[in-house]
Amino acid sequence: MRVATWNVNSLNARLEPLKEFLETRHPDVVALQETKIEDENFPEKFFKGMGYNCAFKGEKGYNGVAVLSRFEFDAVEKNFDWIENGQKRLIMVVVKGIKIMNAYFPHGKMIGSSYYKFKLDFIKKLGEYLKNYVSNALIITGDFNVAMERKDVYAPDIMQYSIGFSDAERKALKELYNTGFVDLFRMFNEEGKQYTWWDYRANSFKRNAGMRLDYIWATKKLAEKCRSCHIDKEMRSKPKPSDHAPIIADFEI
DNA sequence: ATGGTGGTAAGACCA
C-alpha cells in the first residue's frame, strides 16, 4: 500500500501536475492540503475517472483538505470544528482498517500573534484527540508547518526566531510526536538538508533553502510495516509547481 | 538575500 501527501497550493492550479503524479507514482491513498476549493466545485468525477474515491472538505481561497483513495472509505470524519475553529484543515478517513488523519496545520504568521497562539492551540488539541487512537493503526500526515530539528531547516540559527521553527512550535509538535508516532521519512534517512517546502521567492529551490514541514507519521506497529519513505523532489522541479513536494511511503500491507 | 513569487480574486490577503 502506497500512501502519499502533498500540499498542492490550489487544486485547480495543480490538476495537471497531480494527474501526472497519480499516473506515474501510482499511490493508493493521497492526502492533499490547501485545495482552496469549496465542496460543490471539487472535481470528484475527474478523480473517479482515474480510479480514486474522494473525501474532501474545502473552502474558497484558503485551506481545504482532501483524500483520494483507490480503496473504499470505511469511514470519513470531518467534524473537527473544536480544533480548527471553522477553518477547513482536518479530515480523517479509514481505509483497510487504518485511520488516516490528513492535517493542514495553521501557518501562524508571526511569533506571538493571535494566529501563532491559534497554531499552538491547534497542535495541542489535535494531540489530545489523537491520543485516544495511538494504540491502533493510525497515520497522521500533511503539512504541519513546523520543522522538527535543526537539520530540517536551511539556517537554524536565524530561523529559531521565525515562524515554523520557534521553540514553542517545536515543543508542541514534539509533544504530539511523543504520544506514539514514528516519522517515516526519518526511519530511512537521517541526513539533513532534506526539505519538503521551498519558498517561491528568492530562488529558494535552486539554493535548496527549504524546510521540512510535511510528514507522514505512523503509530509504532504500523511503522514496522513501512518499507520506504521518500520526498518526491522531482515534482517541485517541474513547471508550475506547488511550493511543497509530495512525500511517498510504501507499506507491506 | 528583509526582497523577492504565486494563488485567489479583482484590491488585498495569505503563504
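Order of the sequence lines sets the chain letters (A, B, ...), proteins ahead of strands, with each chain counted from 1. Not measured: the values here are computed from a predicted model.
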5'-most by nearest nucleotide on DNA chain B - A/Trp197 or A/Asn9: A/Asn9

Any A/Met92 side-chain heavy atom under 4.5 Å of A/Phe80 side chain: yes

Spacing of the C1' atoms in B/dC13 and B/dA1 (rounded, Å): 24 Å

Interatomic distance where OH belongs to A/Tyr115 and P belongs to B/dC13 [whole Å]: 10 Å

Length of the NZ-C1' vector between A/Lys109 and B/dC14, whole Å: 7 Å

Phosphate OP1/OP2 of B/dC14 contacted by A/Lys36 side-chain N/O (<4.0 Å): no

Contacts of A/Phe185 that satisfy ring pair (Phe, Tyr, Trp, His ring centres under 6.0 Å) - sequence neighbours left out: none

Closest nucleotide among B/dA15, B/dG7, B/dA1 to the A/Ser10 side chain: B/dG7

Heavy-atom closest contact (A/Pro241 atom, A/Arg236 atom, distance): CB-O, 3.4 Å

Whole angstrom value for the distance that separates P of B/dG7 from OH of A/Tyr104: 14 Å

Nucleotide B/dG7, atom P - distance to CD of A/Glu59 in whole Å: 19 Å

Watson-Crick or G-U pairs under 3.5 Å in DNA chain B, rendered as dot-bracket with [ ] for crossing pairs and | for another strand: ....((((...))))

Summary of side-chain hydrogen bond (donor to acceptor under 3.5 Å, both in side chains) pairs that have at least one residue in residues 23-32 of chain A, sequence neighbours excluded: A/Lys19-A/Glu23, A/Arg25-A/Asp232, A/Arg25-A/Glu234

Residue A/Tyr200, side-chain atoms from C-beta onward, closest of B/dT5, B/dA1, B/dT8: B/dT5

Axial cation check for A/Phe251 ring with A/Lys225, 6.0 Å and 45° limits: no

Integer-rounded Å distance: B/dA15 P and A/Phe165 CZ: 21 Å

Of the listed nucleotides B/dT5, B/dA1, B/dT8, the one nearest the side chain of A/Arg201: B/dT5

Side-chain heavy atoms of A/Gln33 within contact of A/Val8, under 4.5 Å: no

Euclidean distance, atom CD of residue A/Glu34 to atom C1' of B/dA15 [Å, nearest integer]: 6 Å

Atom pair distance, as rounded to whole Å: CG in A/Asn203 and P in B/dA1: 14 Å

P gap between B/dC14 and B/dT2, integer Å: 24 Å

A/Glu191 backbone acceptor or donor facing A/Arg186 side chain under 3.5 Å: yes

Nearest-Å distance for atom pair CG/P, residues A/Asn63 and B/dG7: 17 Å

Nearest-nucleotide comparison on DNA chain B, the residue closer to the 5′ end among A/Asp199 and A/Asn12: A/Asp199

Whole-Å C1' distance, B/dA10 and B/dG6: 16 Å

